[in-house]
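For reference, the structure is listed below as structure tokens.
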Amino acid sequence: MIHLVKLLEAALFASPRPVPVEELTALASEASPAEIASALDALRVHYDVDGHGVELAEIGGGWQILTRAEYTGAIERAQLAARPQRLSAAALETLAIIAYRQPIGRMEVEEIRGVAVGSILKSLQERALIDVVGRAEGLGRPLLYGTTPLFLEQFALRHLEELPRADELAIALRPAPQPL
Amino acid sequence: MIHLVKLLEAALFASPRPVPVEELTALASEASPAEIASALDALRVHYDVDGHGVELAEIGGGWQILTRAEYTGAIERAQLAARPQRLSAAALETLAIIAYRQPIGRMEVEEIRGVAVGSILKSLQERALIDVVGRAEGLGRPLLYGTTPLFLEQFALRHLEELPRADELAIALRPAPQPL
Amino acid sequence: MGAVMTEEQAQGPQVGVHAESVTLVMEAVPAVAPVQPVSFLVDLPAYAGPLDLLLSLIRDEKVDIYDIPIAHIARQFLLRVRVLQLNDAAEYLELAARLLRIKAQMLLPRHGEMEKWEDPRAELVRRLLEYQQMREVVDILERRGDERRSRFARAWLQESGESVAAPLSLSLGELLTAVDRILRVTREPTVHTIVARTLDVAGAIAMVRSVIAERRNARWGELVARDAEPWQILSMLLALLELAKLGELRLAQPRPFASVEIEHDSSGEAA
């Protein structure tokens, strides 16, 4: 590959979005637009003829290097198999509150976290980390949530009492005293 | 290029982070680890010999395609990508201590550095270079910190053992001089 | 500073010190003995902490780290703290106080058996070496970090919808961090800030010994500054009790709430 082609390859690789030709000319002021165009063409041909896992594509007025479609399925499957997902900070906080305060209703969790948690509860339930364990007394008999055996398994705990600093949290997360 | 090399190239291209070896193995279950290793080698040689704008690097327990250093200046000037900021001297000192002494608590870091590090720990944690890895026994059960995979990635380390051992440093700790 | 100085420090604020300004500074610090006027321009970079400042001082003055001329270095340290206007940084003042204490300890007469004499500088040397070792690692990290920063990774993010089917990665550390976040934002009264300050009983013992060796007696109020922090008061109290137990001094309080009187115990010496 000639220098200009290598420079374009590096730039397209490092850019977070498709790069229009005008911006590519800023890379090499000595190169004419025609030279840039022919270098792009050389890169495209190199990827196609030489047999690469990637290809050069023109998208939305710009140029971008993309993985070839035939490999995307295998890549996604490998990611799922090898790269475990992590919970978001919000989901972890919700999970922690439920772990230490169960059984607990959605409104109490929202009081502590200060934000709505409806969708988080749903996704934690889909992941089988929490489940509905009953209904509270009182108006509307709201659902109460608790952690599942899978939750204990995830943290290698035998039972809930093994959670560290339970005493501190029990105090901090105590329900507010009822008005008389 | 043979199929396996193209598949690996596509997977490495698709990922902004180093791809862990397990994920590469999951990519082609029919290929042996030796075949994966030799395919990676073929890709590395192809990039080097054929003259590409990118190269293959082994980092943080995985493999990653990176642009060659000689193009960084031009890419930055064309504003197609920006380099991350350097860490402050204080943050680097804190990171160095954690890398060598992990798991380590805040007070021990402060003892070595001679200054308070609370806010630095917080910002290193926000940048995902360190994380809480547990709690110490004893009063207050202080949090213990360790480095993350992103730390290895940002300092181009294959693994922690690539850092020199404490006794290999030029200033190995000597016993205090004997009184005359 | 040589190889240990980071680029960041080199780019940090530079303070040029002329002989005149040093003289002015000296007048403002009566506690520091006057030094020969500095007749050359000194460039002082920004420091990452008191140990960094002390270490570069040792390097600049070309003294042996295993045999630090403590009086001279303490004077230079205080001078730089003044010039760099680090007076408000407790960490710098704490180290300055430590240096002065070591200086006092060095002046103590070493009676009798020399083998039992412990170099008061030993702990400081150990800390300096440990710190210097860490700075070496910083150099390595900085070099590797710069190398990595000179290469770009793929920036474009492929769309991949979050799939519930993927296995979960959960650690107790993550859960505990979440717990800490909750504790910080919920009930503020239950969150205590614990100040990281260990007691320095050994330092207090050394100070009492040096005072008693010189004057035979002292009063509590003379050993503990009025604005002393709790850890200093506690350290002194423990030091006095320890020394009384060892028979090196006697403690007496003539009447309730009076300042405690500390007296050299000569009976212990005779025994």
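Here is the naming used below: chain letters follow the sequence lines, and residue numbers restart at 1 for every chain. As the structure is a prediction and not an experimental result, all values here were calculated from the model.
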If you measure from [atom1] on [X] to [atom2] on [Y], what distance do you get to the nearest 0.5 Å?
X	Y	atom1	atom2	value
I112(B)	Q133(C)	CD1	CD	9.5 Å
I140(C)	L92(B)	CD1	CG	12.0 Å
M134(C)	L95(B)	CE	CG	11.0 Å
E130(C)	R113(B)	CD	CZ	13.0 Å

What pair of heavy atoms forms the shortest contact from [X] to [Y], and how long is it?
X	Y	result
L141(C)	L163(B)	CD2-CD2, 4.0 Å
F152(C)	E76(B)	CZ-CG, 4.0 Å
R148(C)	A156(B)	CB-CB, 3.9 Å
V138(C)	E93(B)	CG2-CA, 3.6 Å
P50(C)	V115(B)	CD-CG1, 3.4 Å
A153(C)	Q64(B)	CB-NE2, 3.4 Å

Is it the backbone or the side chain of [X] that comes under 4.5 Å from a heavy atom of chain C, or both, or neither?
X	value
E108(B)	neither
I65(B)	backbone
A82(B)	backbone
L12(B)	neither
F151(B)	side chain
Q154(B)	backbone
L157(B)	both

Tell me whether R127(C) is salt-bridged to E111(B), with the criterion being a basic N under 4.0 Å from an acidic carboxylate O. no

I'd like to know which of E70(B), R68(B), E55(B), Q125(B) tops the heavy-atom pair count under 4.5 Å against chain C. E55(B)

Would you say the side chain of E142(C) lies within less than 4.5 Å of the side chain of R86(B), judging by non-hydrogen atoms? yes

Indicate yes or no for a side-chain donor-acceptor contact from T72(B) to the backbone of S150(C) under 3.5 Å, with no hydrogens or angles considered. yes

Does K6(B) NZ have over 12 foreign heavy atoms under 6.0 Å away? yes

